[in-house]
Engineer: 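Input: one structure, supplied below.
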Amino acid sequence: MTRYNHVTDDVVKKLVSICGEQYVTTSEPLRHSYMARGIMGLEAVLPEVIVRPADVEEVSQILVIANEHLIPVTPAAGGLSGGFALPAIEPGGIYMDMTRMNRLTVDTENRVMIVEPGVKSGDAWRIFKVKYPEWAPPIPDGAPPAATILGDAIERGFSLVTGVYGPQADMIMGLEVVLPTGDIFRTGSWALDGAKPFYRWGLGPNPDGLFLGSQGSMGIITKAAIKIVPHPHHKTVVAYGGQNWDDIIKPAWEISKHELGVAENTVMVQGGNWPLVMTRWPKSNVPTDYEFYKKLGISEYWMNYEIWAWSDEELEYVKKKIDETYKWYEEEAGTKCPQWKLHPKQVASRLKKPNKIAIPYSLWQAGFLFITWYTPWLESPAMMEEYCAKMEEYGFPPTMWVASIDHARQAIVMPILCFDSTEPGIYDKIREFNTETTRSFLKKGWLNYRPDPFVHAPETFSRAPNFYRMLVKFRKVLDPNLILHPGRLAIPWEAVTDMPSPLQGDGE
Amino acid sequence: MTSLEDLRRINARCIHCRACQYAYSGEPDRQGETEEYTGMLQGCPAGIYYGWEGYYNSGKQWIARAWLNGEIEPSQELLKVVEACTTCGMCETQCPNYINTVEVTEALRAAVIEAGVEPLPRHKIIGDRVHDEELRNPYNEPRNQRTAWYDGEVDRKDAKVAYFVGCTGSYRQQDIAKHTASILKKLGIDFTVMTQEVCCGSPILRTGQRDKFREVMEENLELFKDFDLLVFSCAGCYKTFRNDYPRFSGKPLPFKVRHTVELVYDLIKEGKLEIKKEYPKKVTWHDPCHSIRHVGLAIEKEILAQSDNWLIDSRKAEKAKEEHFEIPRVVLRAIPGLDLHEMYRIKGDSFCCGAGGGVKTQFPDMALAAAKERLREAASTGAEVLMTSCPFCVTNFTDGVKALREEQEATGEKKPGADLEVVELLQVLDELIE
């Protein structure tokens, strides 16, 4: 296993010489202030030094120093990946706070924006609102306004147009990457000096995929060229209820599968179950019986369709076609899928971007965790059924959210684990829950998106050893000293799990 | 709930989403008048000034968690970070998890000091002065001169209303105390002022010196216990009595409390007061954090504390909070000729003047930077007058204007905000009410 060195005074001096004294600190309270355990990760180690580079050159120089001294490096900007935006391995090492790198440029002619790691969704939304109102930045939907666009993109996350365009990573037209060795390069057409980022596949085999989803474990992305999308201002949200998961998933498939026409207008298709409403409030201060929510007009299960159109006529047409599909489905399936009468304030609230909709699940008790899985769209009801049953068995409320990716090709299934983070032993219980569900789902061929490196990644890679071997080979080429945060990839394996490594027999 | 341990479960709600760093974090589509002031904007004076995560509330919540988990040692270094916050509560407005951010910060400060760390030098000085029975104020002024500004009869036993003047009104901004007394007289309120009044304790509570705070709180509660109503001109004293005394004494206040601006509002709403004199000026209004945001947030949380269904009652609670934020606006709109031009960040999302929480005393550069940022925003409205009702806001803005004028002179460049006239609303009300 890789043994890392501590950050010494000499290393701090070198970091100061790169970034300036104002942007390097070893202050104990300031190091603690970056900590986060929750949302998407529970494990985190205190960094030894925080450094705030101003540009790509400084990032490169820091990595050279880290390599020379064999010190682990964790890059982060929004830090919203919970524990995984923090060092995950001892002894903490260098935490690279990327928030000073917050430049945004927009090219409406080529329909692309270039963002640095520190550009936050709320800032980008404001800039577009003022300067480019006919265009929208594909910001993460549901993520807080301080979430960064780049963080979402390199996580292959969910944007406000994912239902049509696919995961955020599909919107990328080029990357600027600093390798752990300090080398800087660009991908796509952008790799050619002076060329615009207009063609993703660029000059040859495109390495983007090695960096997207690696959470910085293969290299640090310092710029991304990301597609922007047209922003029509005729918008609404319609919602339909259902008696079970099938009732919300199957009609959405009927609407989305044609891909053209109405499917193009339904930029976001997302739904859930009634505990998704309940667990946004304190457990002790909200009714826990469905009857109360039923009286409010909340279906047990529902699906929202966010519609964007160029005119009110087009908007009405899309609504009519969705309604027709639901009527057909009700007859076909012998079920009831009543349209939810949304108050204009509810519509406005759902159209708001970015929003804070995902934050209040901490109110239920005192902490929550998003766990995300990808399944083929029509298999998602089975997953959600099993997940909800297991959550209840473990004593968690069965809070579930689901959304379409790329015209209901895939489902992003996201249980929200609401728990009391002050309860002794709760993290062991969560790990046990994660392990049990992960083992069951992997057997069915469902994938964890944003794996927990301590549970999901080892469990997944144990079942995909050839792929893991390939990943390790790439990692060792790019990062020979393994100085970058292991991200979610469980590299090096021994740092995160006691399970037998898929590399056993490979001289490991 | 006063100790950090009491707040453990509330602090545990923080997921480090960082929404608290922004004004209007929940209104990204908010339309402003200018390109600069639109959408969500940075809203934390300390975070903007220092840049490091630990100076934002989002970082402080996790420092507090480290403290609660025994992962960080008490030190001056720690205290310096957690004291560099105006406790303005902008962060608390933003938090969808209803975290009492300011209470956590103040409790963390107290915990560090109670663990044996000396208060920061200037905070210690004001703490010692308030502790001194010969002074009982942070300004090092003799206690027996506290009511020297007042020419009426003091310590009246027959009055049911007392005017709690506060240390700033008593010793530094006596004109505000005089204007307030004059307003009360004009409104026909039979009141008195008390020679044995002592510092409300706000600056020492904010800076973590709780033992000393409890002493003065007890003295004040005992002194005023037989009154029906206490009236205030100082936003900080008002907030401390209204929000903090019940929390720390464990009992409801034995009297009602009202800020003078609220009294005027009550009379306007009841149709008992009509202002006839004109104030023909273009004005922008700065909401004092203590009397507007903190009281509004407290109103909201008081309703929720009584509720067994937050899903339903949260709207009612928010409405009550918003109604409180309207109070100064109702008063300003009742002034003939006053042309009100609101700044972009207002009410719960108002940007702090930079003086509160012990910052003006210990971190004057940060206080000045915040004042200048707010003055620039005020100037963007085209107003000639920046009006507020808080002695600390008035002082810090006055210092900010002075600094901007000096910069203007030194550089020859026009500095937005340098031409603003900083005015206390109570002074204007006294001039207008007949």
Side-chain angles (χ1 to χ4, degrees), chain A residues 22-23 25 27-36 38-39 46 50 52 78-80 82 97 99-100 120-123 125-127 129-131 143-147 277-278 280-282 284-287 292 296 352-363 365-368 420-422, chain B residues 8-22 24-29 31-32 35-36 38-41 51-56 58-63 65-68 71-73 75 77-82 94-99 304 307-314:
Chain A
Q22 197 185 345
Y23 298 112
T25 186
S27 154
E28 190 188 19
L30 293 183
R31 287 185 288 126
H32 274 285
S33 73
Y34 285 87
M35 193 57 75
I39 325 183
L46 190 67
I50 316 279
R52 301 177 65 209
L80 277 161
D97 171 356
T99 51
R100 284 179 71 209
K120 294 177 176 163
S121 304
D123 289 331
W125 195 255
R126 176 167 52 80
I127 291 164
K129 182 182 168 64
V130 172
K131 293 186 173 165
V277 177
M278 176 185 77
R280 292 167 56 81
W281 304 99
S284 53
N285 301 80
V286 75
F292 167 76
L296 293 183
K352 195 190 283 181
K353 311 281 187 284
N355 55 55
K356 298 193 277 190
I357 200 163
I359 302 170
Y361 292 97
S362 264
L363 269 182
Q365 287 185 294
F368 71 89
D420 181 354
S421 58
T422 64
Chain B
R8 180 186 283 271
R9 285 178 53 79
I10 287 176
N11 165 260
R13 291 180 194 157
C14 180
I15 58 166
H16 218 149
C17 76
R18 295 173 168 86
C20 54
Q21 297 183 0
Y22 296 89
Y24 301 116
S25 62
E27 294 179 66
D29 270 329
Q31 186 68 54
E35 203 171 284
E36 183 179 7
T38 207
M40 74 177 207
L41 289 181
W52 294 100
E53 178 63 15
Y55 291 94
Y56 290 100
S58 47
K60 281 197 187 68
Q61 291 298 321
W62 285 83
I63 296 174
R65 196 172 299 190
W67 177 273
L68 283 164
E71 295 165 353
I72 189 167
E73 292 295 315
S75 67
E77 184 187 32
L78 170 58
L79 197 58
K80 274 184 197 161
V81 174
V82 298
Q94 313 303 326
C95 183
N97 282 320
Y98 294 92
I99 295 173
L304 291 177
S307 165
D308 59 3
N309 189 339
W310 284 28
L311 194 158
I312 298 293
D313 293 333
S314 59

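Lettering of chains follows the sequences in order, A, B, ..., and the numbering in each one begins at 1.
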Engineer: Salt bridge (Lys or Arg N to Asp or Glu O under 4.0 Å) with A/Arg100: which residues, sequence neighbours excluded?
Structural biologist: none
Engineer: So for B/Leu68, is it side chain, backbone, both, or neither that comes closer than 4.5 Å to the heavy atoms of chain A?
Structural biologist: neither
Engineer: Give, as side chain, backbone, both or neither, the part of A/Ser121 having an atom under 4.5 angstrom from any heavy atom of chain B.
Structural biologist: neither
Engineer: Taking side chain as C-beta onward, heavy atoms only, is A/Tyr361 less than 4.5 Å from B/Asn97?
Structural biologist: no
Engineer: Would you indicate whether the side-chain heavy atoms of B/Glu77 and A/Glu28 approach each other to under 4.5 Å?
Structural biologist: yes
Engineer: CG of A/Leu296 to CD1 of B/Ile312: how many Å apart, nearest 0.5 Å?
Structural biologist: 5.0 Å
Engineer: Under a 4.0 Å N-O cut-off, is there an ion pair linking B/Arg9 with A/Asp420?
Structural biologist: yes
Engineer: Which atoms of B/Ser75 are under 4.5 Å from chain A, going by heavy atoms: the side chain, the backbone, both sets, or neither?
Structural biologist: neither
Engineer: Give the ring-plane orientation class for A/Tyr34 versus B/Trp52, where under 30° counts as parallel, over 60° as perpendicular and anything between as tilted.
Structural biologist: perpendicular
Engineer: Measure from the side-chain N and O atoms of A/Ser33 to the backbone N and O of B/Gly54, and report whether any donor-acceptor pair falls under 3.5 Å.
Structural biologist: yes
Engineer: Can you find a heavy atom in the side chain of A/Pro145 that is under 4.5 Å from one in the side chain of B/Ser25?
Structural biologist: yes
Engineer: Taking B/Gln94's backbone N and O only, do any of them form a donor-acceptor pair with A/Lys356's side chain (distance below 3.5 Å, no angle check)?
Structural biologist: yes
Engineer: Let me know if A/Ser27 has heavy atoms under 4.5 Å from chain B in its side chain, its backbone, both or neither.
Structural biologist: both
Engineer: In Å and rounded to the nearest 0.5 Å, what is the CD1 to NE2 distance from A/Ile359 to B/His16?
Structural biologist: 12.0 Å
Engineer: Does a side-chain heavy-atom distance below 4.5 Å link B/Leu311 with A/Phe292?
Structural biologist: yes
Engineer: Looking at A/Arg126 and B/Met40, would you say the former's side chain and the latter's main chain have a donor-acceptor pair under 3.5 Å?
Structural biologist: yes
Engineer: Between the main-chain N or O of B/Glu71 and the side-chain N or O of A/His32, is there a donor-acceptor pair closer than 3.5 Å?
Structural biologist: yes
Engineer: Any non-hydrogen side-chain atom of A/Trp281 less than 4.5 Å from a side-chain atom of B/Ser314?
Structural biologist: yes
Engineer: Examine distances only and state if a side-chain atom of B/Asp308 and a backbone atom of A/Ser284 form a donor-acceptor pair shorter than 3.5 Å.
Structural biologist: no
Engineer: With a 4.5 Å heavy-atom cut-off, do A/Pro287 and B/Asn309 have their side chains touching?
Structural biologist: yes
Engineer: Output the distance between atom CD (A/Gln365) and atom CZ (B/Arg13), rounded to the nearest 0.5 Å.
Structural biologist: 11.5 Å
Engineer: So, do A/Lys353 and B/Pro28 sit near enough that their side-chain heavy atoms are less than 4.5 Å apart?
Structural biologist: no
Engineer: Please look at A/Pro144 and chain B and tell me whether the side chain, the backbone, both or neither of the residue comes under 4.5 angstrom of a heavy atom of that chain.
Structural biologist: side chain
Engineer: Counting C-beta onward and ignoring hydrogens, is there a side-chain heavy-atom pair between A/Lys129 and B/Gln31 closer than 4.5 Å?
Structural biologist: yes
Engineer: Just verifying a value: how many Å separate B/Glu53 CD and A/Leu30 CG, rounded to the nearest 0.5 Å?
Structural biologist: 9.5 Å
